[in-house]
Amino acid sequence: MAIDELTKKEQIINFAQSDPFLKISDIAEYVQTTPRYVRTILSEANISLMKLREKYARNMEKRLENDQHQDLQAKVILRDEYSYNNLETSKVRIEPADENKFPDIQRIRQDDELVRIYQVQSVDEKPYCVHELITFMEREINQERLDNLESIYDLLGRKGINHLQFMNNIITVEKPAEVIKRYFSDVDNVIVSKRVVLLNKIPIGIERIYIRGDLTKVEFAGELVI
């Protein structure tokens, strides 16, 4: 369901649960209502922003713990002939994206614009992986803020990170799209992993990882069913 199809009450609850660090006045502005009405709705729904913030902190702790157990994750690794000593990761970059090409991605905040956030990994100065996220973000993002990021997901910040969900990865072999071809100009096909990012069951982004097969290999944990 699109955010503009929700009632004011549903939008207020969605904003509170997605980003508990929002102020009452911020939610009221997004929903185009009064702070008093926002307080009334949250009270009737038995929602406390303070408790949601505490829950967010606990979820972040669990997330850090889960990051230590990655045995079930598929891994993209370099082929044996390449050395990780020559591995480089670019800074996070951002550029506008065409909304017409991504009709299923929903805008949570009215003034946000669709962007393509991406990062390139290279070995021996040759790109082998491009990681991108298509999502809506605020219109002006400080370059200094981008320079201090380690991952494209860092830009999501507090945007309900504990409510993010991911659909299954769909892996295909495709010809590089024009926006990717600049990195893989000498490759006919690349491995593409794609999944939809959800926030409170609303599709807010599409993540795609483009992998150069002649430099890398993909390891899947467990059984591969065909």
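Everything numeric in this text was worked out from a predicted model, so none of it was measured.
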For the CG atom on N46, are there more than 12 heavy atoms of other groups (residues, nucleotides or ligands in this structure) within a distance under 6.0 Å?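 Open.
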Atom NZ of K181: over 12 foreign heavy atoms under 6.0 Å: no
Mind checking side-chain contact (heavy atoms from CB on, under 4.5 Å) for [X] and listing every partner two or more places apart, or none if nothing turns up?
X	value
E174	T172, V192
R182	E95, R116, Y118, V179
T216	V76, L78, Y128, I211
S25	K23

Pairing of [X] and [Y] as salt bridge, 4.0 angstrom limit:
X	Y	result
K75	E219	no
R212	D186	yes
R107	E99	yes

Same apolar cluster (I L V M F W Y, side chains within < 4.5 Å links), V173/V218: no
Within the distance-only criterion (no hydrogens, no angle test), does the side chain of K194 pair as donor or acceptor with the backbone N or O of E207 below 3.5 angstrom?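 No; zero donor-acceptor contacts below 3.5 Å.
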T33 side chain reached by V38 side chain, heavy atoms, under 4.5 Å: yes
Under the ring pair (Phe, Tyr, Trp, His ring centres under 6.0 Å) test, which residues partner Y30, sequence neighbours left out? F15
Pairing residues for E88 by the side chain to side chain donor-acceptor pair (under 3.5 Å) criterion, not counting sequence neighbours: none
Gap separating the [atom1] atom of [X] from the [atom2] atom of [Y], nearest 0.5 angstrom:
X	Y	atom1	atom2	value
E132	I209	CD	CD1	10.0 Å
K51	L49	NZ	CG	12.0 Å
I206	I134	CD1	CD1	7.5 Å

Y210 and R208: side-chain donor and acceptor closer than 3.5 Å?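 There is such a pair between these side chains.
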